Each structure stands twice: as structure tokens, then as C-alpha cells.
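Throughout, a chain's letter reflects where its sequence line sits, starting with A, and its residues are numbered from 1. Values in this document were obtained by computation on a predicted structure and should not be read as measured data.
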Amino acid sequence: NAGVTQTPKFQVLKTGQSMTLQCAQDMNHNSMYWYRQDPGMGLRLIYYSASEGTTDKGEVPNGYNVSRLNKREFSLRLESAAPSQTSVYFCASTGRGPYEQYFGPGTRLTVT
Amino acid sequence: AQSVTQLDSHVSVSEGTPVLLRCNYSSSYSPSLFWYVQHPNKGLQLLLKYTSAATLVKGINGFEAEFKKSETSFHLTKPSAHMSDAAEYFCVVSDLANYGGSQGNLIFGKGTKLSVKP
């Protein structure tokens, strides 16, 4: 059981470039989430997917898009990266009910 | 709307002394409450959770937390700090009534960084 995996671990982009962050879970969880973590801000929800085929905006969705490809995979896309999107991005998943979320190891993104 | 306030951004203790990390929450309904730990350059790991069963919750690595509804608090404690406890700790609330609603289902505090001196 790998749990929640994320790729890549590190990425440097130039302003205006695009990229997709990948996330996969092998726990048969229904719900998946994307967060960003910035110093002193805790984790803020970008988008979430309550179940396969559905996605919803979180607290800070601007500049991002998501795709719930299947039950296992949930990707986050930056269409035109900006320096304000420099952050650490975490993917998480959870099973039935509003219980604990399981987190991936994170992707550290720098936009110059 | 639910919210979480971690009262200290940084706590420093000596090895072998007690740890207290403070958390207050606001929730309209019966909350689920969690503490997560994040070691440097790592993901988040669940320490413990409260989901309306016993008010004193025991977690991993000797940590525990007590849910006090009258004080809207969920403070994290450990009797004796170890060097390996140095990390950032997040208090998190989930509002059962809003699960699946427009805001997702977890609200994170801003974190408390715990330093442990030898």
C-alpha cells in the first residue's frame, strides 16, 4: 500500500508556463483534495472531489483547474503559472464520512 | 461557519518536560477534531482524532488531547517531550453538518511550531 503518491516532488517554472501535478491513491477512497501550504497560513483548500466525476472549488481556486480522472487519480493544473503560486502543494484523500484525511508527501513548486 | 485558532505560533520546551499546544475551535454543530503533525519537508500525519466518543483522546507517540465543549478547546498534550517531537502541529476541525458542502470538509489552524531543546 503506497497510500497517497504525488509527482513531481520538486518543480521550478517560469511565469506563464503551465504544468500538471499528479496525485494517486490506492486506498479506494471516494474523496480527494488539493491544498497549498504557505508559511504561517496553514493549509488552504484549492479544489476537492467528493466522488468520482465531481469537483468543487475550495477556498483558493483561482488560477487552478482540476481533473478527477478516475477513482484513484486527481490532478491539479496550473495553466499560466504566477509567482504567487510558489508554494508546497499537498494532495489528500479520505474514505466514508468526514474523517481523517491521508496526505501525500507534497510537491514543492517555485515560480520565477 | 467553523474556524480554528491555534493560540501559539511557536512553543519551545526542554527535552523531558511537558508539552501543551493550545487550540480553540468554533463550530455550529458537533465537530470532529484532529491534530496532525508535520516534520520538516514531510507530509502531514494524523496524531489523533475526536469524533464524539470519549472526550480524552489518545494518539500516537504518547500524545493526547481533551475535548472540552464548554471551553471550545482541544488542547494537545504530552507528559515528556522527546527531541523527535520537534515539528509543526496543526489543529483541524471538520463540521459534520457541512460534510460534502461547498467548502470541503477540513479547516486547518495556522500551525504551532514545536522546538525541543536538549
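Of all heavy-atom pairs spanning A/Cys91 and A/Gln6, the tightest one is N-OE1, 3.1 Å. Nearest heavy atom pair, residue B/Ala86 against residue B/His39, reads O-CD2, 3.4 Å.
When atom types are taken as modelled, the side chain of B/Gln6 and the backbone of B/Asp8 share no donor-acceptor pair closer than 3.5 angstrom.
Proximity to chain A is limited to the side chain of B/Gln38, based on heavy atoms less than 4.5 angstrom apart. Contact annotation for A/Arg108: only side-chain heavy atoms (C-beta onward) come within less than 4.5 Å of a heavy atom of chain B. Contacts between A/Tyr47 and chain B at a heavy-atom distance below 4.5 Å are absent for every atom of the residue.
By the criterion of side-chain heavy atoms lying less than 4.5 angstrom apart, applied directly or through intervening Ile, Leu, Val, Met, Phe, Trp or Tyr residues, B/Leu46 is grouped together with A/Phe90 in one hydrophobic cluster.
Heavy-atom pairs under 4.5 Å with chain A were tallied for B/Gly111, B/Gly109, B/Gly43; the largest tally goes to B/Gly43.
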